Amino acid sequence: MTSKFHLAFIFDFAADEWQGPFGTGGSPWDGKFHTEVAVALERACFDFVVVEDKLMVPESYGGSSEAALSQAMIVPKHDPVPLAVAMGLATSQLGIVTTLSTLGYPPFMTARLASTMDNMLGGRYGWNIVTSAEDLAAQNFGLKKLPPRQERYARAEEYVQIVRALFDSWDKDAVVLDREKGIYADHTKVRPINFEGTYFTVRGPLNTVPSPQHRPAFVQAGASPQGREFAARNADSIIAIANGPESMKDFRDDIRDRARKMGRDPDEIKVLFCVTPMLGDTEYDAREKQARMVASPRFIKDILAQMSALTEIDFAQFDVDQPLPHRLETNGEKGTLDMFQQWGSGKTLRELVVDGAGGLVSSVPLVGTPDQVAERMGEVMEQVGGDGFMLTTPLLRMNRRYVAEVTDGLVPALQRRGLTRSTYTPGRTLRENLLEF
Ligand SMILES: Cc1cc2nc3c(=O)[nH]c(=O)nc-3n(C[C@H](O)[C@H](O)[C@H](O)COP(=O)(O)O)c2cc1C
């Protein structure tokens with residue numbers, strides 16, 4: 001019998017599927033559409049939603065921003081934190097995770113923002129820790145180039161150490177609210193951290209009250225050896241991509257081994273694999289939908305433009321009907337690139353896109369009726385060993401129909417099989433929900 005597994009969802013505060021027949025018009029900028037999605041995810045008992053983020057306008061595909069801007073791909077994108085407030089106030093149990101880059105925010109501001117959010121959301125906030133992966137982003141923060149991965153993660157380790165120390169700069173019981181003695185906070189329970197490291201100097205203490213989780217949940221998506229090491233040390237949940245059940249199992253086992261060696265209980269880390277279910281009333285319907293999507297010339301171009309944005313490699317330079325001329329390397333999102341290029345397979349670029357028909361982040365194909373897909377998800381989790389899935393769409397574009405297929409078709413089918421949560425325990429924090437099974 002498969003034990004329960006966790007569900008999360010990742011989207012960005014960007015245009016919906018604005019050109020499709022079920023899009024919502026392409027202007028979700030008041031946050032209401034995404035908030036409505038968060039409410040639907042809570043109804044389906046998802047553990048959390050992640051708001052992805054990037055800090056640049058891509059110019060890698062064809063050496064121009066045209067592909068990104070004309071198709072609303074990765075950009076325009078609004079800041080995730082105000083959206084997280086709106087989503088948090090419209091829900092009461094769903095975890096809300098926002099991406100904050102260690103490149104863009106000083107650690108004091110991240111700690112302050114995370115503590116404020118966790119207070120406002122009653123212990124449901126999480127931070128998706130990213131180091132950013134683009135020269136174009138680095139150039140928005142005073143750098144000429146993105147530092148090499150090794151250095152980005154060394155800096156991120158120091159950064160997280162500071163953020164943790166800032167949360168601990170207030171004892172849990174520092175706020176006493178003693179009306180008789182006239183004491184709001186006990187100053188002996190609040191101390192500077194006086195941190196001096198290689199990259200940062202931070203005095204502290206934090207100037208917010210301790211939050212319900214004290215340390216909000218940490219989410220991370222490292223794929224390289226450095227990224228995995230960082231995630232195994234720090235994350236409560238890891239966003240992962242892999243190539244089928246065997247590679248999913250290898251990834252999870254690797255993270256758990258690394259965590260064990262660091263003295264952590266591996267069960268404290270929930271590895272959630274990205275999938276992009278394609279659902280239909282019948283299996284034929286679902287397969288037809290998938291075939292229509294991959295046959296569209298726009299889909300091929302959009303996937304390649306997205307790949308260019310994430311890796312800063314110009315995929316417009318390659319013939320789509322030939323194999324890639326050599327193995328590609330990037331200082332950007334290497335895991336995504338390696339999975340995509342399947343080096344040695346001899347496949348043409350078009351075949352690589354069609355192969356990854358679930359998009360760049362699909363760990364295992366899930367095409368069929370809600371019952372078929374639910375059954376398959378259960379089998380895959382059984383093979384992998386746990387912990388759950390991170391649902392999304394091939395190009396991060398959403399419409400209401402897709403959300404309803406997931407929350408009102410797939411999730412009930414999972415729940416009928418006892419595979420996913422069908423209630424929340426009231427009052428639990430995001431981290432407690434993750435640790436429940
Ligand atoms: C599903 C998924 C979502 C991600 N979301 C973001 C994001 O919002 N912002 C970002 O800068 N990087 C994001 N990343 C990139 C990761 O943080 C990480 O850099 C990447 O997976 C490569 O791993 P590495 O840093 O160990 O090479 C995401 C990666 C994946 C697989």
Side-chain angles (χ1 to χ4, degrees), residues 8-14 48-58 74-75 77-81 83-84 96-105 110 126-138 140-141 146-157 159-160 218-235 237-243 247-248 251 254-255 258 271-276 306-307 309-313 328-340 356 358-363 388-396:
F9 200 100
I10 182 165
F11 58 57
D12 52 1
F13 193 0
F48 64 94
V49 59
V50 184
V51 190
E52 183 270 3
D53 199 23
K54 292 276 170 188
L55 299 166
M56 84 302 181
V57 174
I74 299 201
V75 70
K77 184 181 311 250
H78 282 196
D79 193 281
V81 179
L83 177 64
I96 313 262
V97 176
T98 68
T99 302
L100 300 171
S101 169
T102 56
L103 181 76
Y105 295 74
T110 291
W127 169 31
N128 178 27
I129 311 173
V130 302
T131 62
S132 288
E134 308 84 15
D135 287 340
L136 285 171
N140 288 332
F141 298 94
L146 184 71
R149 183 174 290 100
Q150 187 80 33
E151 186 184 329
R152 295 207 302 276
Y153 277 110
R155 190 172 170 281
E157 282 293 359
Y159 190 113
V160 170
F218 289 168
V219 174
Q220 216 270 338
S224 62
Q226 296 92 334
R228 291 179 187 209
E229 198 72 3
F230 178 87
R233 183 170 299 112
N234 295 303
S237 182
I238 297 179
I239 309 173
I241 47 173
N243 223 334
S247 108
M248 292 163 78
F251 183 91
D254 179 55
I255 293 288
R258 287 174 195 265
V271 181
L272 305 185
F273 288 95
C274 291
V275 286
T276 59
Q306 194 189 50
M307 200 65 197
L310 301 181
T311 59
E312 297 197 315
I313 294 168
L328 304 175
E329 278 300 334
T330 179
N331 185 27
E333 292 197 20
K334 182 173 163 44
T336 315
L337 174 65
D338 284 344
M339 197 178 110
F340 173 75
L360 302 178
V361 293
S362 168
S363 301
F389 293 98
M390 169 87 46
L391 275 64
T392 186
T393 69
L395 287 157
L396 279 184

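Index from 1, following the sequence. Model, not experiment: these values are computed from the prediction. Counting convention: from 1, in listed order, for ligands and their atoms alike.
- Some N or O of Ser224 is nearer than 3.5 Å to an N or O of ligand 1, by distance alone.
- Minimum heavy-atom separation, Gly332 to Arg149: O-NH2, 2.6 Å.
- Closest approach of Thr131 and Thr102 over heavy atoms only: CA-OG1, 3.4 Å.
- In this structure, atom 27 (O) of ligand 1 lies nearest to the protein heavy atom Arg149 NE, 2.9 Å.
- You'll find the side chain of Val160 reaches within 4.5 Å of the side chain of Trp127, heavy atoms only.
- Distances from ligand 1 to the non-hydrogen atoms of Gln226 include no value under 4.0 Å.
- When heavy-atom distances to ligand 1 are checked against a 4.0 Å cut-off, Lys54 comes that close only through its side chain, counted from C-beta outward.
- For Asp53, the closest heavy-atom approach to ligand 1 falls below 4.0 Å.
- Considering only residues two or more places apart in sequence or on other chains, Phe389 meets the ring pair (Phe, Tyr, Trp, His ring centres under 6.0 Å) condition with Phe5.
- Of all the atoms in ligand 1, the ones that sit under 4.0 Å from a non-hydrogen atom of Gly227 are 26 (O).
- No side-chain heavy atom of His78 sits less than 4.5 Å from a side-chain heavy atom of Leu83.
- Proximity of Ala133 to ligand 1, defined as any heavy-atom pair under 4.0 Å, is not found for any part of the residue.
- Within ligand 1, the atoms closer than 4.0 Å to a non-hydrogen atom of Gly222 are 23 (O), 26 (O), numbered from 1 in the order shown.
- Within the 4.5 Å cutoff, the side chain of Thr336 has heavy atoms near those of the Met307 side chain.
- Residue, atom and distance of the protein heavy atom nearest to atom 5 (N) of ligand 1 are Glu52 CG, 3.7 Å.
- If you check the side chains of Tyr153 and Ser224, you find no donor sitting under 3.5 Å from an acceptor.
- Protein heavy atom at the shortest distance from atom 19 (O) of ligand 1 is Tyr153 OH, 4.2 Å.
- In this structure, the protein non-hydrogen atom closest to atom 18 (C) of ligand 1 is Ala221 O, 3.6 Å.
- Taking 4.5 Å as the limit, some side-chain heavy atom of Leu310 sits within range of a side-chain heavy atom of Lys54.
- Atoms of ligand 1 found under 4.0 Å from any heavy atom of Cys274, numbered from 1 in the order shown, are 1 (C).
- At the top of the distance list for atom 3 (C) of ligand 1, counting protein heavy atoms only, stands Ile10 CD1, 3.7 Å.
- In this model, no donor atom of one side chain and acceptor atom of the other lie less than 3.5 Å apart for Thr330 and Thr311.
- The protein heavy atom nearest to atom 17 (O) of ligand 1 is Val130 CG1, 3.5 Å.
- Under 3.5 Å, the side chains of Glu52 and Asn128 contain no donor-acceptor pair of N or O atoms.
- Of all atoms in ligand 1, listed by their number and element, those nearer than 4.0 Å to a heavy atom of Thr99 are 7 (C), 8 (O), 9 (N).
- Closest to atom 14 (N) of ligand 1 among all protein heavy atoms lies Glu333 OE2, 3.5 Å.
- Of the protein's heavy atoms, Ala223 N, 3.1 Å lies nearest to atom 23 (O) of ligand 1.
- Contact check for Tyr159 versus Ile129: no side-chain heavy atoms found under the 4.5 Å cut-off.
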